Amino acid sequence: LFLQSTPATSIPTVQVQGQQINLQPPSYTAASQHAEQMKKPGQNFMCLWQSCKKWFQTPSQVFYHAATEHGGKDVYPGQCLWEGCEPFQRQRFSFITHLQDKHCSRDALLAGLKQDEHGQAGNQKPSIK
């Protein structure tokens with residue numbers, strides 16, 4: 001009986017508009033995947049997809065999570081459901097690029113958190129009397 005071994009270095013990649021996007025899972029412990037909606041120390045980035053609200057340590061972890069859990073072949077709904085995003089119809093590969101550029105950069109994730117913290121009232125200016 002021979003077992004076929006696959007090289008441990010094979011990392012799924014996606015070719016989008018001539019740009020290679022690496023879908024290597026970021027290194028985090030399996031335990032953190034079950035801690036939904038529980039923020040742990042060092043987890044400062046949140047997935048703002050619909051009602052996901054999972055916390056991660058780095059923007060690349062959020063991107064990998066969103067690309068696979070929300071943009072995967074069998075789960076992608078055909079449009080971006082990130083909070084505050086226009087729900088345009090997008091092909092999956094176009095969505096992966098959109099996700100990386102618009103939602104999963106460090107700045108975009110931090111800005112999204114600030115908006116989320118203030119909720120709907122965040123847009124109201126304080127009244128000066």
Side-chain angles (χ1 to χ4, degrees):
L1 180 70
F2 290 93
L3 293 176
Q4 195 113 23
S5 68
T6 54
T9 55
S10 67
I11 295 165
T13 56
V14 182
Q15 188 82 21
V16 181
Q17 296 169 353
Q19 181 184 1
Q20 193 83 352
I21 296 178
N22 190 348
L23 290 180
Q24 180 178 14
S27 54
Y28 47 52
T29 59
S32 70
Q33 293 177 357
H34 299 294
E36 286 134 62
Q37 278 115 15
M38 288 296 296
K39 184 178 180 191
K40 292 193 170 138
Q43 292 184 326
N44 298 315
F45 301 97
M46 183 195 281
C47 174
L48 294 175
W49 183 268
Q50 231 165 24
S51 54
C52 182
K53 303 276 197 272
K54 288 184 186 170
W55 288 97
F56 298 90
Q57 290 183 335
T58 66
S60 64
Q61 287 177 346
V62 179
F63 171 66
Y64 177 76
H65 157 81
T68 56
E69 298 296 312
H70 306 307
K73 193 171 55 179
D74 300 324
V75 294
Y76 177 57
Q79 58 192 34
C80 181
L81 299 179
W82 199 268
E83 272 183 20
C85 190
E86 295 289 330
F88 297 127
Q89 290 296 313
R90 282 187 178 86
Q91 294 296 321
R92 204 171 131 255
F93 291 131
S94 171
F95 163 72
I96 299 290
T97 306
H98 163 82
L99 189 64
Q100 189 177 41
D101 293 346
K102 297 284 184 269
H103 301 307
C104 293
S105 72
R106 184 181 178 84
D107 291 345
L109 286 166
L110 292 173
L113 272 185
K114 286 199 181 92
Q115 286 176 342
D116 197 57
E117 259 174 30
H118 300 128
Q120 305 308 318
N123 297 334
Q124 297 172 353
K125 293 189 170 119
S127 58
I128 301 166
K129 297 187 174 170

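Note that this is a predicted model, so its numbers are computed, not measured.
Hydrophobic cluster membership is shared by Leu113 and Trp82, with clusters built from Ile, Leu, Val, Met, Phe, Trp and Tyr side chains linked at under 4.5 angstrom. The hydrophobic clustering, which links ILVMFWY residues whose side-chain heavy atoms are closer than 4.5 Å, places Leu99 and Leu110 together.
Rounding to the nearest 0.5 angstrom, the gap separating the NE2 atom in His65 from the SG atom in Cys47 is 3.5 Å. Note that NZ of Lys114 and CG of Leu109 are 11.5 Å apart. Values are rounded to the nearest 0.5 Å. Within the model, atoms CD of Gln43 and NZ of Lys39 stand 8.5 Å from one another, a figure rounded to the nearest 0.5 Å. With rounding to the nearest 0.5 Å, the separation of CZ in Arg92 from CZ in Arg90 is 14.5 Å. Note: Gln50 CD to Glu83 CD = 9.5 Å, rounded to the nearest 0.5 Å. Atom CE in Met38 sits 12.0 Å away from atom CH2 in Trp55 (nearest 0.5 Å).
Aromatic ring orientation, Trp49 versus Phe95: perpendicular (interplanar angle above 60°, classes split at 30° and 60°).
Taking the six-membered ring for Trp and the full ring otherwise, His70 and Tyr76 have centroids separated by 6.0 Å or more.
For the pair Phe63/Ile96, a side-chain contact is recorded, criterion being any heavy-atom separation below 4.5 Å from C-beta on. Using a 4.5 Å heavy-atom threshold, the side chains of Cys85 and His98 count as touching. In this structure the side chain of Leu48 never reaches within 4.5 angstrom of the side chain of His103, judged on heavy atoms.
Inspection of the Gln89 and Gln79 side chains reveals an N or O donor paired with an N or O acceptor under 3.5 Å.
One finds no salt bridge joining Glu86 and Lys102 here, because no Lys/Arg side-chain nitrogen approaches an Asp/Glu carboxylate oxygen to under 4.0 Å.
Under the 3.5 Å distance criterion, the side-chain polar atoms of Gln61 are matched with a main-chain donor or acceptor of Gln57.
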